[in-house]
Amino acid sequence: MQNELVVYNSLNRKKETFTPLEEGYIGMYVCGPTVYSDVHLGNCRTFTSFDVIYRYLLYQGYKVRYVRNITDVGHLEGDTDIGAEDKISKKARLERLEPMEVVQRYTNGFHDMMRIFNNHSPSIEPRATQHIIEQIEMVQAIIDNGLGYVKNGSVYFNTVKFAKSNAGYGKLSGRIIEDLVAESRDDLKHQDEKNHPSDFAIWIKADPSHIMRWNSPWSEGFPGWHLECSAMSTKYLGKTFDIHGGGNDLKFPHHENEIAQNHGACGCAPARYWLHTNMLLMNGKKMSKSDGNSITPEELFTGDSPHVSKGYSPMVIRFFMLQSHYRSTLDLTDDALLAAEKGYRRLMEGNQILQKLDGATGSTDASLDQEIRAAIAGCVADMNDDFNSPKALAGLFELVSKVNSLKAGHIAMSEISAETLDALKQHFSDFIYTIFGLKDDTHAGDNGNGTMDGLMQLIIDIRQNARATKDWGTSDKIRDSLKALNIVLKDGKDGTNWVKE
RNA sequence: GGUCGGUUGGCCGAGCGGUUAGGCAGAGGUCUGCAAAACCUCGUACAGCGGUUCGAAUCCGCUACCGACCUCCA
């Protein structure tokens, strides 16, 4: 049984016992999106993974400050730091918008999508453009500490010098600085002002056409991509904090450079535990905006895509994500989604049945009672083991079988104690709603004040009367007509349930 | 080319030294007015070849294939 929380720390490539810097409090920074276009599903998976982590930490009673940034300047497009264009800037130019219009539009879209997937908002969501001063100060500190150099108004981080320090460069991503030259593909070797190919820009002088620019001691320009995370994590979480997260593809160079900058400016490592989520694949390949192998969340919801046979609800997709571990790649296929949809419904219906169960009279010594308590503890242990949601979910499904057996009368209510039944109800709903962040949409259409449920109960009663008088015509008409409305009736020993499909 | 990771039954996906993962699909059975649902039982999977071990899907080596990063991406 895993009683203490263990997390996989990318920094050391192994699982470590998690101990926060300050007991009871956790500072967590997750790299947010660059808001230059619509969110894509891969982002959703990453932020959903961290949402579950955040939720679990809260569930464990920690006070968590969860910081997730919005990158709205500095993220360049192109091969080198020099001459490349800022993503926001480019989009603004192409669409003839103010850069902040671009930022606002896609930030709104991002927030909407996070809400649709039922992700909690972070505690603080800082933007890079709101922290230009902090970034300039950080650049100055890096220069003052001898790790930055100025070339024609731009400032670069001296990775070669930093690599010789105790902290070293490349620990997170396992890179060796000498190799970074040799390893680079030939077409990436245009290195203009930099002293060394692995050096990177922390302040970039804006060329005349560039529309996003700020004054600085070095030039009118803008901050480098990696800098905002260093500056903002330091500002809101301190020089050293507990967890830093992000997608796997950010390990290098983004996170590696963040670490270098924090060392360069503050003299210490930023985060103690680095958590990286793995990629969402589609049909075996990384989902990517650039190569067309992608599906938007909207297309997935409506089914308007050649990649899927039908639409899937946001909660089905969330469930689908929960079924794999955050550090594993997840392959999105229509078959897998179809299976997830059924699994999701089974879980939700299981909970509905469970919450209506009563009449437990057993003792806490009974074997079923102990089995259920062990399963409950097992789910918590699974989450303690590096947030193993698929394993915890498996535990929940075993409980669903027990619940269904109790409901069907295959297991007598006298085999479970009232205390255990209450604990099970509480635990089950804690897991699916509070920790996993699922919502039950199997009764969609209910407006919250019970109208739908009341109507359905009336219809079910009428059908029950028809069945009692063997009026199969009426009974089947009701069932078939509802089926045409995607409402399915499920007859059981003691009554009929309904779900919306 | 360099670095890292993966290859599990029809599909998805846990496990990572000895115990049933789980979901979906499939087969048989129970229940039911019929159907659905539910419950029970079942398949005996771990890329290949060597090695370590009393014992390996799990550790080591080699081979094959796939992927990620080294450009932009979560």
Side-chain angles (χ1 to χ4, degrees), chain A residues 13 30-34 36-37 39-50 75-80 84 87 170 173-176 179-188 197-198 225 245-254 276-281 284-291 294 319-320 323-325 327-344 346-347 349-350 353 382 388-398 400-411 467 470 472 475-476 479-480 483 488-493 496-497 499:
Chain A
R13 281 160 223 220
V30 173
C31 288
T34 299
Y36 67 104
S37 68
V39 237
H40 76 131
L41 257 189
N43 284 273
C44 298
R45 145 109 132 149
T46 292
F47 300 130
T48 300
S49 294
F50 281 107
H75 203 152
L76 300 179
E77 203 159 67
D79 282 350
T80 64
K87 281 171 181 259
S173 57
R175 262 156 248 255
I176 300 165
D179 294 349
L180 285 171
V181 195
E183 287 168 9
S184 285
R185 295 190 321 234
D186 287 343
D187 58 328
L188 300 179
S198 67
W225 171 35
N248 219 210
D249 50 354
L250 293 180
K251 249 189 213 168
F252 190 88
H254 185 61
H276 287 98
T277 56
N278 217 134
M279 299 295 100
L280 181 65
L281 311 180
K285 281 199 175 153
K286 181 182 173 180
M287 261 201 186
S288 167
K289 287 183 199 175
S290 49
D291 67 11
S294 74
F319 173 86
F320 170 69
Q323 268 192 312
S324 79
H325 188 91
R327 277 191 293 118
S328 299
T329 52
L330 172 60
D331 195 5
L332 185 101
T333 60
D334 195 51
D335 283 347
L337 252 13
L338 242 18
E341 182 169 61
K342 297 208 173 161
Y344 164 73
R346 181 172 158 82
L347 188 67
E349 287 164 34
I353 290 166
D382 294 334
N388 197 332
S389 61
K391 209 169 171 210
L393 216 38
L396 254 26
F397 274 108
E398 285 179 16
V400 169
S401 293
K402 298 293 177 211
V403 166
N404 283 330
S405 290
L406 284 164
K407 160 97 180 336
H410 295 138
I411 298 177
R467 292 178 75 199
K470 296 196 194 304
W472 308 128
S475 154
D476 290 352
R479 186 173 68 198
D480 297 344
K483 176 79 177 143
V488 179
L489 296 183
K490 298 186 174 182
D491 295 329
K493 265 220 156 53
T496 299
N497 280 347
V499 291

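First the proteins, then the strands, lettered A, B, ... as listed; each starts at 1.
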Check your understanding: Expressed in angstrom and rounded to an integer, what is the separation of A/M279 atom CE from B/C66 atom C1'?
Key -> 17 Å
Revision key, fill the gap. Side-chain atoms of A/S324 come closest, of B/A14, B/A35, B/C70, to B/A14
Point to revise | Flag side-chain contact, heavy atom, 4.5 Å: A/S49 against A/H276 | key: no
Exercise for review: Give a yes or no on whether a donor-acceptor pair under 3.5 Å exists between the nucleobase atoms of B/A74, that is its base, and the side chain of A/H40.
Suggested key: yes
**Study point:** Strand partner of B/A64, provided both Watson-Crick or wobble distances fall under 3.5 Å
**Key:** B/U7
Check your understanding: Which of these nucleotides, B/C39, B/A21, B/G33, is closest to any side-chain atom of A/S405?
Key -> B/C39
Revision key, fill the gap. In Watson-Crick or G-U wobble terms, with both distances under 3.5 Å, the base opposite B/C59 is B/G51
Review point. Paired with B/C69: which nucleotide, if any, by Watson-Crick or G-U wobble criteria at under 3.5 Å for both distances?
Key: B/G2
Exercise for review: Please state the C1' separation for the pair B/C40 and B/C4 - nearest whole angstrom.
Suggested key: 46 Å
**Study point:** Under the side-chain hydrogen bond (donor to acceptor under 3.5 Å, both in side chains) test, residues paired with A/E349 that sit two or more places apart
**Key:** A/K490
Practice item. Answer with base, sugar-phosphate or nothing: what part of the nucleic acid does A/D331 contact at a heavy-atom distance below 4.0 Å? Key: sugar-phosphate
Point to revise | Nearest-Å distance once atom C1' is located in both B/A56 and B/U8 | key: 14 Å
**Study point:** Rounded P spacing from B/C12 to B/U3 in Å
**Key:** 30 Å
Practice item. May I have the distance from A/N248 (atom CG) to B/A68 (atom P), rounded to whole angstrom? Key: 11 Å
Study note, to complete from the structure: Side-chain atoms of A/D249 come closest, of B/A74, B/C70, B/G22, to B/A74
Check your understanding: Within this structure, what is the CG-to-P distance between A/D335 and B/G26, rounded to whole angstrom?
Key -> 12 Å
Practice item. Can you tell me, in whole Å, how much space there is between the C1' of B/C70 and that of B/A21? Key: 37 Å
Review point. NA contact type, A/N388, heavy-atom cut-off 4.0 Å: base, sugar-phosphate, or nothing?
Key: sugar-phosphate
Check your understanding: Does A/S328 place a side-chain N or O at less than 4.0 Å from the phosphate oxygens OP1/OP2 of B/A14?
Key -> yes
Exercise for review: Measure from the side chain of A/S475, starting at C-beta and using heavy atoms only, and say which of B/G33, B/G23, B/A21 lies closest.
Suggested key: B/G33
Exercise for review: Scan A/L338 against the nucleic acid and name what it touches under 4.0 Å (heavy atoms): base, sugar-phosphate only, or nothing.
Suggested key: nothing
Review point. If you take atom types as modelled and just measure distance, does the side chain of A/D491 reach the base of B/A35 with a donor-acceptor pair under 3.5 Å?
Key: yes
Review point. Base, sugar-phosphate, or nothing for A/R45, non-hydrogen atoms under 4.0 angstrom?
Key: nothing
Check your understanding: Among the nucleotides B/A14, B/C12, B/A74, which one has an atom lying closest to any side-chain atom of A/P390?
Key -> B/A14
Practice item. Looking only at side-chain atoms of A/K342, point me to the closest of B/C70, B/C4, B/C24. Key: B/C24
Exercise for review: Indicate for each nucleotide in nucleotides 41-46 of chain B, in 5' to 3' sequence, whether protein heavy atoms under 4.0 Å reach the base (B), only the sugar-phosphate (S), or nothing (-).
Suggested key: ------
**Study point:** Integer angstrom distance from the P of B/U7 to that of B/G26
**Key:** 27 Å
Practice item. Could you state the atom-to-atom distance from CG of A/L337 to P of B/G23 in whole Å? Key: 18 Å
**Study point:** Nearest listed nucleotide, side chain of A/R479, among B/A35, B/A38, B/A14
**Key:** B/A35
Exercise for review: Measure up the A/F397 and A/F319 rings against each other and bin them: parallel (under 30°), tilted (30 to 60°), perpendicular (over 60°).
Suggested key: perpendicular
Check your understanding: Donor-acceptor pair under 3.5 Å: do we get one between A/N278's side chain and the base of B/G67?
Key -> no
Check your understanding: Base, sugar-phosphate alone, or nothing: which one does A/A336 contact when heavy atoms must sit under 4.0 Å apart?
Key -> sugar-phosphate
Check your understanding: So what's B/U20 paired with, Watson-Crick or G-U wobble, going by both distances under 3.5 Å?
Key -> none
Review point. Taking the side chain of A/K490 as its heavy atoms from C-beta onward, which of B/C12, B/G15, B/A37 lies nearest to it?
Key: B/A37
Exercise for review: Pick base, sugar-phosphate or nothing for A/L330, based on heavy-atom distances below 4.0 Å to the nucleic acid.
Suggested key: sugar-phosphate
Check your understanding: With both distances under 3.5 Å as the test, what is the Watson-Crick or G-U wobble partner of B/A38?
Key -> B/U30
Practice item. Quick one: label A/G42 by what it contacts on the DNA or RNA (base, sugar-phosphate, nothing), any heavy atom closer than 4.0 Å. Key: base
Practice item. Tell me what A/E398 touches on the nucleic acid: a base, only sugar-phosphate, or nothing, going by heavy atoms under 4.0 Å. Key: sugar-phosphate
Exercise for review: Give a yes/no on whether any side-chain N or O of A/R327 is located under 4.0 angstrom from OP1 or OP2 of B/A14.
Suggested key: no
Check your understanding: Whole-Å distance between B/U71 P and A/W225 CH2?
Key -> 11 Å
Review point. Is any side-chain N or O of A/R346 closer than 4.0 Å to OP1 or OP2 of B/A37?
Key: no
Review point. What's the closest nucleotide to the A/H325 side chain, out of B/A38, B/A14, B/G22?
Key: B/A14
Check your understanding: Given atom CD of A/E349 and atom P of B/C39, what is their separation to the nearest angstrom?
Key -> 11 Å
Check your understanding: Over how many whole Å does the gap from A/K251 atom NZ to B/A74 atom P extend?
Key -> 17 Å
**Study point:** side-chain N/O A/N404 vs B/C39 OP1/OP2, d < 4.0 Å
**Key:** yes
**Study point:** Shortest side-chain distance from A/F397, nucleotide among B/G22, B/C11, B/C34
**Key:** B/G22
Check your understanding: How long is the line joining CG of A/L396 and C1' of B/A14, in whole Å?
Key -> 15 Å
Review point. So do A/L337 and A/L332 actually touch side chain to side chain, heavy atoms under 4.5 Å?
Key: yes
